Amino acid sequence: MNFVEEMRWRNMLQDIMPGTEETLNKEMCSGYIGFDPTADSMHVGHLMQVMTLIHFQRAGHKPYALVGGATGMVGDPSGKSAERNLLDEETLNKNVAGLQAQLEKFLDFNTGDNSAVMVNNYDWFKGFSFLHFIRDVGKHITVNYMMAKDSVKKRLEGETGMSFTEFTYQLVQGYDFYYLWKHHGIKIQMGGSDQWGNIVTGTELIRRKDGGEAFALTTQLIKKSDGTKFGKTESGAIWLDPKKTSPYKFYQFWLNASDDDVKNWIRIFTLLSKTEIEGLEVEHAAAPHLRALQKMLAKDITIRVHGETAYNTAVEASTILFGASTSDALNSLDEATFLDVFEGVQQSKISISELEAGINIVELLSDKTQIFPSRGEARKMIVGGGTYLNKQKYTDPESTVDESLLINGKYIIAQKGKKNHYLIIAE
RNA sequence: GGGGAGAUUCCAGAGCGGCCAAAUGGGACGGACUGUAAAUCCGUUGCGAGAGCUUCGAAGGUUCGAAUCCUUCUCUCCCCA
């Protein structure tokens, strides 16, 4: 199956420039996707682009991952309703390094002719003077053309306006494409659907400046069935960096995909074949409560992003936290395993002497551990039946707890509702 | 520069002298049902165990009593030049 067909049946394809597929089928092509260094880690939203590059490489083409050290200094107006704040250079460099390190894990950089390549557009922009840029690049593209882009038009119609800097963005990115086409023989740029305008400015520049031919392909925006934004939870984005989002939370994020979403996502985020996915769908339809699709999706991505060990721990943690385990079962875990399993769970500390003296449950969960922001809220939640200690429900706010609850003489597991776990450490 | 409208609890948005910790909707959180889905239903949503305390852009004032009236200030939006 060729690359475009692959993207099609996985429902990843949004737009494709005429001639792209033919060109790709003819020979091995080089193509690239740009990543904006707005943070020092990617989040799950970036995975669509990562998967696109992976498919591109698996189809025998040569993928380039561009990290925008230069474009990051300008700020992409696409999809933004207000002027962006510029990052300082130090942050930018850190972000570029962070993204590069993550990208390296997903692509094969040592597989002969179609090995992946990492580039940073700062390398060709750092020595490029403003005057040279407007002479060599700006001259080929009219302002009329640039103003017709959606990203620009929206801002001109809106109230916030747009700085010259952001207006220039599409030219800067367009030049990236030109540069890579000229010096690396890259024929195609890919990206999210919001990048179409920027990508086309690149193909246009290549055509007008050198009479060359280049192609564009964009991927669909990932949708969620309830209309909310993909990849965001109440507590923020789901990051790939384990320091920002623990592997356990990461695993849980995918495991919690709704039935509607998981059918799309498993196509996008795993490399499973059509037959395998359809098989899983049958399985899921027969026994939906087993959530075969969600489990497979979560397993596949968690392993690819965090590795097998982290995945196993996440599964183990999930089994313990959500399964029918009792405090006895918890007690039987040795401390190392226990800590490993609870690594991704929010932790708070309390002094053991206070606990020995006996402590009111409301005080424990609010003042002492900040699990609830106020005593009133803790009280309400306890009365409302949403509070558990060591998997045991507590409904009386006057309850007192002491050291007899401690697991391994040191830990208490508190729950707010069914899904939110907290580890209290006594020391 | 001239004229007008406005600023309310997470958001939107009522309230226009006591019955207002403030309607309603959304969001968020919890519960029930389930499958750690979805949909639905129920509850909670300033702090406090309570008495009570602190909130309605800011500061003053009128009043027994102010989110509501007056003064000044700050900011936002609209129209005209």
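Letters A, B, ... are given to chains in the order of the sequence lines, protein chains preceding strands, and every chain is numbered from 1. All of these numbers come straight from a predicted model, not from anything done at the bench.
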Tell me the partner of [N], counting only Watson-Crick (N1-N3 plus N6-O4 or O6-N4) or G-U wobble (N1-O2 and O6-N3) with both under 3.5 Å; none if nothing fits.
{"N": "B/G43", "result": "B/C29"}
{"N": "B/C69", "result": "B/G61"}
{"N": "B/A51", "result": "none"}
{"N": "B/C77", "result": "B/G4"}
{"N": "B/U9", "result": "none"}
{"N": "B/C20", "result": "none"}
{"N": "B/A37", "result": "none"}

Whole-Å gap separating [atom2] ([N]) and [atom1] ([X]):
{"X": "A/Met381", "N": "B/U44", "atom1": "CE", "atom2": "P", "answer": "13 Å"}
{"X": "A/Leu290", "N": "B/U36", "atom1": "CG", "atom2": "P", "answer": "10 Å"}
{"X": "A/Leu321", "N": "B/G35", "atom1": "CG", "atom2": "P", "answer": "20 Å"}
{"X": "A/Tyr388", "N": "B/U36", "atom1": "OH", "atom2": "P", "answer": "12 Å"}
{"X": "A/Phe250", "N": "B/U36", "atom1": "CZ", "atom2": "C1'", "answer": "18 Å"}
{"X": "A/Ile320", "N": "B/U36", "atom1": "CD1", "atom2": "P", "answer": "17 Å"}
{"X": "A/Lys295", "N": "B/G35", "atom1": "NZ", "atom2": "C1'", "answer": "9 Å"}
{"X": "A/Arg379", "N": "B/U45", "atom1": "CZ", "atom2": "C1'", "answer": "17 Å"}

Sequence neighbours excluded, which residues qualify as side chain to side chain contact (heavy atoms under 4.5 Å, CB included) partners of [X]?
{"X": "A/Ser129", "answer": "A/Leu131, A/His132"}
{"X": "A/Val315", "answer": "A/Tyr251, A/Tyr311, A/Thr319"}
{"X": "A/Asp260", "answer": "A/Ser225, A/Ser258"}
{"X": "A/Glu356", "answer": "A/Ile352, A/Glu403"}

For nucleotides [N] and [M], find the distance between their [atom1] atoms and express it as a whole number of Å.
{"N": "B/U45", "M": "B/U34", "atom1": "C1'", "result": "26 Å"}
{"N": "B/C80", "M": "B/C69", "atom1": "C1'", "result": "31 Å"}
{"N": "B/C77", "M": "B/G65", "atom1": "C1'", "result": "34 Å"}
{"N": "B/G30", "M": "B/A14", "atom1": "P", "result": "31 Å"}
{"N": "B/G43", "M": "B/A23", "atom1": "P", "result": "15 Å"}
{"N": "B/U68", "M": "B/G57", "atom1": "P", "result": "8 Å"}
{"N": "B/G15", "M": "B/A81", "atom1": "C1'", "result": "37 Å"}
{"N": "B/G52", "M": "B/G61", "atom1": "P", "result": "26 Å"}

Would you give me the side-chain donor-acceptor pairs under 3.5 Å for residues 336-347 of chain A, sequence neighbours excluded?
| from | atom 1 | to | atom 2 | distance (Å) |
| --- | --- | --- | --- | --- |
| A/Thr337 | OG1 | A/Asp334 | OD1 | 3.1 |
| A/Thr337 | OG1 | A/Asp334 | OD2 | 2.7 |

* Asked: Going by heavy atoms closer than 4.0 Å, what residues in residues 360-378 of chain A are next to RNA chain B?
  -> A/Ser374, A/Arg375, A/Gly376

* Asked: Going by heavy atoms closer than 4.0 Å, what residues in residues 269-289 of chain A are next to RNA chain B?
  -> A/Pro288, A/His289

I'd like a table of atom pairs between the protein and nucleotides 37-42 of chain B - only N or O on both sides, under 3.5 Å - with the distance next to each one.
| from | atom 1 | to | atom 2 | distance (Å) |
| --- | --- | --- | --- | --- |
| B/A37 | OP1 | A/Lys419 | NZ | 2.8 |

* To do: Answer yes when A/Glu398 and A/Arg379 have at least one side-chain N-carboxylate O distance shorter than 4.0 Å, and no when they do not.
  => yes

* From CA spacing to verdict: side chain to side chain contact (heavy atoms under 4.5 Å, CB included), A/Trp265, A/Ile222 -> CA-CA 8 Å; A/Trp265 296 358; A/Ile222 301 173; 3.5 Å; yes

Expected list for residues 292-306 of chain A: side-chain donor-acceptor pairs under 3.5 angstrom, two or more places apart:
| from | atom 1 | to | atom 2 | distance (Å) |
| --- | --- | --- | --- | --- |
| A/Gln294 | OE1 | A/His284 | NE2 | 3.4 |
| A/Gln294 | NE2 | A/Ala257 | O | 2.8 |
| A/Gln294 | NE2 | A/Asp259 | OD1 | 3.1 |
| A/Lys295 | NZ | A/Leu290 | O | 3.2 |
| A/Asp300 | OD1 | A/Arg304 | NH2 | 2.3 |
| A/Thr302 | OG1 | A/Ala298 | O | 2.5 |
| A/Arg304 | NH2 | A/Phe269 | O | 3.3 |

* Contacts of A/Glu104 that satisfy side-chain hydrogen bond (donor to acceptor under 3.5 Å, both in side chains) - sequence neighbours left out -> none

* Asked: Considering residues at least two apart in sequence or located in another chain, which fulfil the side-chain hydrogen bond (donor to acceptor under 3.5 Å, both in side chains) criterion with A/Thr219?
  -> A/Gln49

Can you list, pair by pair, the side-chain donor-acceptor contacts under 3.5 Å of residues 38-47 of chain A, counting residues two or more places apart and other chains?
| from | atom 1 | to | atom 2 | distance (Å) |
| --- | --- | --- | --- | --- |
| A/Asp40 | OD1 | A/Lys244 | NZ | 3.0 |
| A/Asp40 | OD2 | A/Lys94 | NZ | 3.3 |
| A/Ser41 | OG | A/Gln102 | NE2 | 2.9 |
| A/Ser41 | OG | A/Asp241 | N | 3.2 |
| A/His46 | ND1 | A/His43 | N | 3.0 |

* **Residue whose closest nucleotide on RNA chain B lies nearer the 5' end, A/Lys418 versus A/Tyr251** => A/Lys418

* Asked: Between A/Lys380 and A/Gly384, which has a closest nucleotide on RNA chain B that is more 5'?
  -> A/Gly384

* Would you sort out whether A/Phe322 and A/His421 count as a ring pair (Phe, Tyr, Trp, His ring centres under 6.0 Å), showing the intermediate values? => CA-CA 10 Å; A/Phe322 289 97; A/His421 298 85; 5.2 Å; yes

* To do: Might you confirm whether atom NZ of A/Lys105 has over 12 heavy atoms from other residues, nucleotides or ligands at distances under 6.0 Å?
  => yes

* **Atom CD of A/Glu22: over 12 foreign heavy atoms under 6.0 Å** => yes

* How would you label the contact of A/Thr387 with the nucleic acid (heavy atoms, under 4.0 Å): base, sugar-phosphate, or nothing? -> nothing

